[in-house]
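Worksheet: one structure, shown below.
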Amino acid sequence: WYLSLIADGYVLKFSRDNELVGRAPFETPGLLAIDPSSDLLYVGRSMAAVNPPQRIGVIERSTMEIDEIDVFIARPHALAVTDDGRYVYTASLAGNDVVVYRPETGETEILRKGGAGADEHPYMFVQFALSPDGRRMVVGGEMISQLFVMDATQPTALPIVETIEVPAAPWHPIFSPDGSRVYFGNMRADAVTFIDATDWTVERIVEHERFAEPHGIALSPDGSKLYVGNRNATPASEDAEPENGFVAVIDTATGDVLEFIEVDRYAAGMGTAPSP
């Protein structure tokens, strides 16, 4: 398993016994995406990086040797790899650009998303999610209240086929195992949204007085529980210290909040291990 050390500038590799077995240097590493079909691991830039190099990293996992690929967009943050490894996607956290990188040829293509006025109102795409069948890819942004659905059967064009109005700042989307739903936290609206991916409508908006900047999101392997990391990082006043974060556990069948798990400060990214 792999870990980004944002401030120290390394991607680390651990064994199943949690022993450190390798490292690769990379300035302000952020999201990581494994190519399921090869030995490659892709690295984006952290959200904390204000003006990082306009490149993503490509690591050979067996050796931890790293190359950097020019993507020619500011703050390449969002990251996804198709199951066959033929296409790698990243997006700008400073504008409306999506980049398609083809490892076989080394070619990159910049896709400008958005209509009139988009340059004045950047979307600041945060993260992608590819549907289990690979036909659709969804993405939200820091400065918008929409979820965009792209046609991933056209991988070098990714036309937007649906735009769904949702609460502010849809953050890290995730598909249900069967692809019938999409879930995400709304970081600036203190809500969690369920999307029906069969007709691309809002199925449910979960709100709770305790929600505080929902960020990362993960499903239990059976899809019955949704785990939402709440950063809770904005102080109540200028003199107040940030409080600890927490994880909300939501029943996906009913939308009920089952419990809150207290953790340390800034509960952000989330993930769950695959079923044994």
Side-chain angles (χ1 to χ4, degrees), residues 6 30-31 46-48 50 75 77-78 91-94 96 121-129 138-149 162-176 180-197 200-220 223-272:
I6 300 168
L31 296 174
S46 166
M47 187 174 285
V50 177
R75 303 179 70 193
H77 177 72
S92 173
L93 197 59
N96 305 318
H121 303 284
Y123 297 153
M124 299 175 67
F125 294 125
V126 174
Q127 179 58 326
F128 303 117
V138 299
V139 63
E142 184 173 1
M143 301 304 294
I144 54 176
S145 298
Q146 292 90 28
L147 183 77
F148 297 113
V149 184
E162 301 282 351
T163 300
I164 308 166
E165 297 294 324
V166 298
W171 218 247
H172 283 241
I174 186 172
F175 275 89
S176 62
S180 65
R181 272 181 175 169
V182 175
Y183 306 97
F184 49 87
N186 302 96
M187 206 279 293
R188 298 187 186 279
D190 293 337
V192 176
T193 300
F194 294 16
I195 297 291
D196 185 333
W200 299 110
T201 58
V202 175
E203 180 179 330
R204 187 191 305 272
I205 296 174
V206 181
E207 297 177 302
H208 193 283
E209 62 182 7
R210 187 117 190 253
F211 286 172
E213 301 172 315
H215 184 132
I217 200 161
L219 275 168
S220 60
S224 66
K225 293 183 177 66
L226 187 68
Y227 298 89
V228 185
N230 282 249
R231 290 174 8 183
N232 196 25
T234 301
S237 67
E238 292 184 2
D239 299 327
E241 289 289 329
E243 298 184 16
N244 284 358
F246 53 88
V247 176
V249 184
I250 300 174
D251 186 322
T252 58
T254 64
D256 294 336
V257 179
L258 302 177
E259 64 176 313
F260 291 97
I261 303 170
E262 304 297 329
V263 295
D264 214 321
R265 290 187 180 181
Y266 212 92
M270 288 286 296
T272 51

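Along the sequence shown, residues are numbered consecutively beginning with 1. Quick caveat: nothing in here was measured; it's all calculated off a predicted structure.
- Judged purely by atom type and a 3.5 angstrom limit, T252 uses its side chain to pair as donor or acceptor with the backbone of S224.
- Residue pairs meeting the salt bridge (Lys or Arg N to Asp or Glu O under 4.0 Å) criterion with at least one member in residues 256-272, sequence neighbours excluded, are R210-E262, E241-R265.
- In this structure, the separation between CD on E213 and OH on Y266 is 7.5 Å, given to the nearest 0.5 Å.
- Annotation for S176 and Y183: closest pair CB-CE1, 4.1 Å, computed over non-hydrogen atoms.
- Within the 4.5 Å cutoff, side-chain heavy atoms of F260 are placed close to those of F211.
- Put simply, the side chain of N232 gets close to the backbone of N244: a donor and an acceptor are under 3.5 Å apart.
- Here the CZ atom belonging to F194 is positioned 11.0 Å from the CD1 atom belonging to I205, to the nearest 0.5 angstrom.
- Considering every non-hydrogen atom in both P173 and V182, the closest pair reads CB-CG1, 4.0 Å.
- Judged by distance alone, the side chain of R188 and the main-chain N or O of M143 form no donor-acceptor pair under 3.5 Å.
- If you take CD on E142 and NE2 on H77, they are separated by 9.0 Å, rounding to the nearest 0.5 Å.
- Within the 4.5 Å cutoff, the side chain of F175 has no heavy atoms near those of the L219 side chain.
- Note that the CE atom of M124 and the CE atom of M47 stand 7.5 Å from one another [nearest 0.5 Å].
- Note: Q146 CD to E165 CD = 4.5 Å, rounded to the nearest 0.5 Å.
- Counting only distance, with no hydrogens or angles, the side chain of N96 and the backbone of Y123 share a donor-acceptor pair below 3.5 Å.
- By the 4.5 Å heavy-atom criterion applied to side chains, L31 and H172 are counted as neighbours.
- Side-chain contact check for V202 versus I195: some heavy-atom pair is nearer than 4.5 Å.
- Between H208 and V192 the shortest side-chain heavy-atom distance does not fall below 4.5 Å.
- Panel note: side chain R231, backbone G245; no donor-acceptor pair is recorded below 3.5 Å.
- Heavy-atom minimum distance, L147 versus F184: CD2-CE2, 3.8 Å.
- When all heavy atoms are compared, the tightest approach of P170 to V166 is CG-CG2, 3.9 Å.
- Considering every non-hydrogen atom in both N186 and A168, the closest pair reads CB-O, 3.3 Å.
- The closest donor-acceptor contact from the side chain of N230 to the backbone of V247 lies at 3.5 Å or more, if one exists at all.
- For G185 against I217, the heavy-atom pair with the smallest separation is N-CD1, 3.9 Å.
- One distance of note links CD of E162 with OG1 of T201; it measures 9.5 Å at 0.5 Å rounding.
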